[in-house]
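Everything on this sheet refers to the single structure shown next.
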Amino acid sequence: MPAAQAGLRAACVQRDGAWTRLARPAFSAGPRLLTEYAVTSDGETVYATNGAVVVRTDDLGCSWHEVYAVDLTAPDPRSIERIATSPGRDTRVLYVATRESEPAVAVSVSRDRGDHWQRGGEVPGEAVALAAGGDDPNVVYALTRGPGPESTLVVNAAAESVRLLARSADGGATWNVTHATGPSVTGVVTSFDVTTTPRIKGLAVDPNDADRVWTYGPDGLFASTDGGATLTAVQPETTGSGVTFANAGRTAANVTQLAFGFAAMPLVGYTRPGAKKPDDFAVQPVEAPLTSLATGRGPGEFFATTTTSRVWHHPPGADAAAPLVDITPAAGRPADLTVAGTVTAPRLFGRAPDTVAFWVQPPPVRPPAPPPPTTKPDQGATLTLDPAAVRADGTPTITPDNVRIGLTRGQRRTLPYTLALPGSRKVDVYFLIDLSDSMADKIRGLKLALDRIVNDLRRAGVDPWFGVGAYRSYAEGPAYARVRDVAPADRGLLEALSSLVAAGGGTETTLAALYQTATGAGQPDANAFIAAGQQAHFRPDALRIVVNVTDEGFAEGAPQPTFAQAGAALRAVRALQVGIAYESKNVTDGLLDPPTYTPNPSIGQARMARLTGAFAPAQGADCNGDRVSDLLPGAPLVCVVDPARAADASAVAPALVNMVLAVPDVTPVSVTWAAKKPVIAGVTPRVAPAVNLRNAARLTFQVTYTCPASLPAGVYPAVLTARVRTVEVARARALVDCSSPPPLPPAIAPAVGLGVAAPPAPPVEPVSNAQPQGQPQPQPQSQPQSQAQAQGQAGMAYQEQESPQFAFAYSNVTAEGDKVLSFSRYQSRPSNGGEGVPFTVPVAVVATAAAASFARLRRRPQRATVRTRH
């Protein structure tokens with residue numbers, strides 16, 4: 001968020017401990033206080049209503065925008081009873097239920113956050129609840145009550161009003177009443193035996209399944225998987241016990257969980273952490289009966305308000321006997337709790353009398369980390385760098401460079417270029433190491449192999465940088481920690497590896513470590529804490545490799561991210577995961593989809609290698625240094641090392657070095673241009689889509705230069721730039737000389753064959769001694785005339801054949817120092833009087849010179865269009 005916007009938000013809200021109160025909405029009509037509010041699933045947009053107007057804010061109340069209103073001046077004015085957003089990913093949908101005069105409830109829907117509305121059908125009665133379907137924003141439920149007395153606690157059926165549960169699958173356009181309860185009242189419902197069905201006070205919709213709903217009321221808690229048509233009691237102990245609140249939500253792992261409260265007992269039932277289905281409940285006592293309830297994003301997490309005006313939090317994973325945490329704000333109890341926001345930053349929202357407030361879990365106060373152990377590198381573990389080990393392969397170049405191209409206006413010319421890529425040398429290696437107690441000898445073997453790993457890579461022409469990360473289990477900690485960020489190989493790398501202490505056990509947080517390596521998002525949960533900002537900072541133009549070193553399998557499930565989430569995070573930063581798996585034997589099922597827990601590390605490593613694109617190249621990959629491929633072409637890059645050789649440096653070094661060298665760095669390479677004037681018409685091809693930068697390559701492309709006729713004569717610079725991903729790797733410059741076409745002097749036949757006209761002939765004087773008409777001319781005169789005529793005809797024919805060559809010759813403008821060489825207009829030399837002397841070369845001489853000139857042009861080697869400027 002920009003600093004200015006963050007400052008604006010800070011000025012519009014009021015802090016109350018861990019709670020934040022939004023700026024109060026100003027309604028254009030109706031009362032001042034809120035009657036309803038709704039929040040989008042991402043927690044970024046809040047809607048509020050006072051019964052007459054619906055307003056929206058996207059900036060914590062700094063600005064409220066009216067999106068819906070009713071006419072309060074009408075003879076029979078309507079009122080806004082309920083508003084609801086979709087709990088799914090579509091945050092644009094908003095439903096509004098208004099009371100009609102019948103009485104009936106009309107539901108309108110907006111699919112663009114309130115900018116436009118579509119009025120739907122009506123449901124009899126007054127609105128009690130409105131809820132959108134979970135995974136389908138077009139599914140919406142309405143609960144209404146018909147005529148009759150109303151009671152808030154468990155009463156007999158005769159005292160209940162008729163309640164209708166209706167479902168719409170088309171955004172409220174049409175409705176189907178799926179359930180009705182209460183006394184049989186003529187004219188309200190006729191197709192249900194409302195005296196024998198469970199009585200309904202409210203409902204909750206599964207956020208992951210639009211057809212799954214829970215209803216609650218005096219007769220207990222009931223579940224339906226068909227949109228409310230069939231209701232089944234949820235656990236016998238809830239039947240006959242009044243249930244006053246129920247709320248369904250999803251955890252960070254997208255698992256549905258449910259919480260509900262009893263009417264006569266201060267208890268909360270909630271989905272047990274780790275339960276396979278939402279109705280596997282645990283029961284938690286609270287201090288007083290409930291007034292509001294919401295499920296959280298952590299397993300077993302819920303929030304509740306009670307009649308004592310307190311707000312209570314049941315942390316994720318907490319035991320049922322553990323006391324609840326009081327999170328009541330100083331300014332008073334919010335009502336109508338709901339949870340929204342991202343997986344990593346959920347918010348608890350509540351309705352205050354005149355605004356909306358939200359609570360964010362403060363980061364846990366953790367004791368300061370103990371100082372790292374002052375250990376020395378293992379005996380024999382050294383790191384000596386040979387400064388000449390990295391082979392100088394040169395830098396990328398574009399040729400030709402520093403050229404000057406001469407063109408006439410209106411002309412274009414296409415020239416070939418070559419982009420030479422010497423092969424990628426920058427490789428960032430991030431060791432991600434399991435710190436469980438079984439890894440002690442493996443870590444020592446890696447330290448002993450470090451010197452060989454670094455220098456073997458450098459001798460192979462690689463410029464390697466290294467980082468170190470480590471992980472254990474959530475219980476033992478650290479679940480993940482960046483020990484050393486990516487940096488050049490030095491003694492600090494050896495000290496970082498030497499600081500690692502293998503201890504403890506439990507389920508390793510491999511997926512969380514991979515996710516944090518890519519994102520640095522952190523995990524604020526008290527029982528699954530990972531500090532934010534610990535991502536690996538790779539070089540922008542380097543090949544990025546995460547080497548996962550472990551002897552344990554992968555575990556998938558909250559609070560860890562999924563394989564898909566971790567893989568997507570690594571792909572987003574262009575990092576590939578390769579694996580060093582310590583197993584007693586190589587397993588061939590690493591290519592298969594694993595179960596939830598993979599006892600062999602190579603299975604999970606292979607799955608992650610596939611997700612990030614780390615595959616063996618066409619020649620395979622050698623894991624043990626015997627020059628024989630152990631991994632077939634296209635196999636995931638995972639090398640298996642015998643645990644019996646864990647402390648042997650010669651076992652792990654070849655596997656790691658050869659995998660790093662085998663990883664292809666396939667990426668697009670593009671060529672762009674920049675010029676202040678349109679002197680480049682295009683580059684073909686603009687992009688080479690798949691270039692393996694690990695190998696030297698020579699890419700050819702064509703650049704078309706042009707001088708538009710509308711462009712003034714002059715010399716214009718242009719620059720060609722080659723980029724790998726977003727990084728510039730090479731540049732070539734050019735000067736485009738746009739000259740006017742040379743003016744043509746008046747023609748002298750037959751000199752037109754030159755493509756350059758002769759100067760005008762002198763005026764013809766009268767001939768006083770002209771011979772009589774018809775007298776034959778002397779014979780010697782006829783030969784020159786015939787010769788001149790023949791030469792003139794030959795010159796014309798030559799022009800037709802050689803005019804392209806002449807145009808090419810004209811466009812040949814090369815730079816010699818500061819001079820520009822080109823064909824130019826002939827200028828007559830002045831006489832003593834300063835006047836131009838007419839060009840009076842005899843016609844035959846001109847024709848002879850023309851023929852000789854073209855003969856020389858034919859014999860002369862063709863000059864290159866572009867020459868390098870010296």
Side-chain angles (χ1 to χ4, degrees), residues 1-70 72 79-87 90-97 110 112-117 130 132 292 294 296-297 303 305 309 311 327-342 344-362:
M1 180 190 305
Q5 185 179 355
L8 176 65
R9 287 192 171 193
C12 298
V13 300
Q14 180 181 356
R15 304 295 183 185
D16 185 359
W19 288 83
T20 301
R21 295 170 64 88
L22 276 61
R24 182 176 62 83
F27 299 107
S28 62
R32 175 175 174 270
L33 301 181
L34 276 65
T35 58
E36 281 274 309
Y37 81 100
V39 185
T40 54
S41 60
D42 59 5
E44 294 297 321
T45 300
V46 178
Y47 298 91
T49 181
N50 62 349
V53 177
V54 179
V55 292
R56 182 192 77 215
T57 181
D58 303 309
D59 53 13
L60 301 185
C62 290
S63 60
W64 290 90
H65 309 281
E66 184 173 306
V67 297
Y68 190 90
V70 296
L72 297 180
S79 63
I80 300 170
E81 301 294 317
R82 296 287 183 266
I83 59 176
T85 58
S86 172
D90 193 343
T91 60
R92 300 167 300 172
V93 176
L94 174 65
Y95 287 98
V96 171
S110 172
D112 53 10
R113 303 182 343 124
D115 292 339
H116 301 86
W117 290 90
L130 185 70
S292 182
R297 289 295 180 90
F303 302 87
T305 59
S309 300
V311 183
I327 60 171
T328 308
R333 179 194 72 214
D336 300 337
L337 301 181
T338 187
V339 173
T342 63
T344 57
R347 296 172 177 176
L348 170 69
F349 287 85
R351 176 175 58 86
D354 59 351
T355 187
V356 176
F358 67 87
W359 175 86
V360 176
Q361 170 78 57

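Because the structure is a prediction, the values reported are computed rather than measured. Note: hydrogens, waters and symmetry copies are ignored here, and every other heavy atom, side chains too, is used.
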L348 CG to F303 CZ distance, which is reported to the nearest 0.5 Å = 5.0 Å

Closest non-hydrogen contact found for G30 with N50 is C-ND2, 3.5 Å

How close do L34 and P25 get, heavy atom to heavy atom, and via which atoms?
-> CD1-CG, 3.9 Å

From the list V54, T49, T338, L22, side chain to side chain contact (heavy atoms under 4.5 Å, CB included) with Y37 holds only for T338

Does the T20 side chain pair with the main chain of R15, one donor and one acceptor, at a distance under 3.5 Å?
-> no

Are any of the side-chain heavy atoms of V311 and W359 separated by less than 4.5 Å?
-> no

Any donor and acceptor pair, going by atom type alone, linking the side chain of R297 with main-chain N or O of V339 inside 3.5 Å?
-> no

Roughly how far, to the nearest 0.5 Å, is CZ of R347 from CH2 of W19?
-> 12.5 Å

Quick one: do D115 and R92 make a salt bridge, cutoff under 4.0 Å?
-> no

Just how far is it from atom NE2 of H65 to atom CG of D58, taken to the nearest 0.5 Å?
-> 6.0 Å

Pairing residues for S292 by the side-chain hydrogen bond (donor to acceptor under 3.5 Å, both in side chains) criterion, not counting sequence neighbours | none

Okay, side chain of R56, backbone of G114: is any donor-acceptor separation there less than 3.5 Å?
-> no

Closest approach of P87 to S41 (non-hydrogen atoms, all atoms of both residues) = O-CB, 3.6 Å

Under 3.5 Å: donor-acceptor pair, side chain of T85, backbone of V39 = yes

For residues P329 and D16, report the shortest heavy-atom separation together with the two atoms involved.
-> CB-OD2, 3.3 Å

For residues E36 and I80, determine if any side-chain heavy atom of one lies less than 4.5 Å from a side-chain heavy atom of the other.
-> no

What do the steps show when you test R113 against V67 for side chain to side chain contact (heavy atoms under 4.5 Å, CB included), and what is the final call?
-> CA-CA 8 Å; R113 303 182 343 124; V67 297; over 6 Å; no

Minimum heavy-atom distance F27-L33, with the two atoms named = CE1-O, 4.4 Å

Kindly give the heavy-atom pair with the smallest separation between F358 and L60, and that separation in Å.
-> CE2-CD2, 3.9 Å

Applying side-chain hydrogen bond (donor to acceptor under 3.5 Å, both in side chains), name anything that partners T57, two or more places apart in sequence or on another chain.
-> D59

Test item: side-chain donor near acceptor, E44 and T91, under 3.5 Å = no

W64 side chain vs A23 backbone, donor-acceptor pair below 3.5 Å | yes

Can you list the steps and then say if Y68 with Y47 is a side chain to side chain contact (heavy atoms under 4.5 Å, CB included)?
-> CA-CA 10 Å; Y68 190 90; Y47 298 91; over 6 Å; no

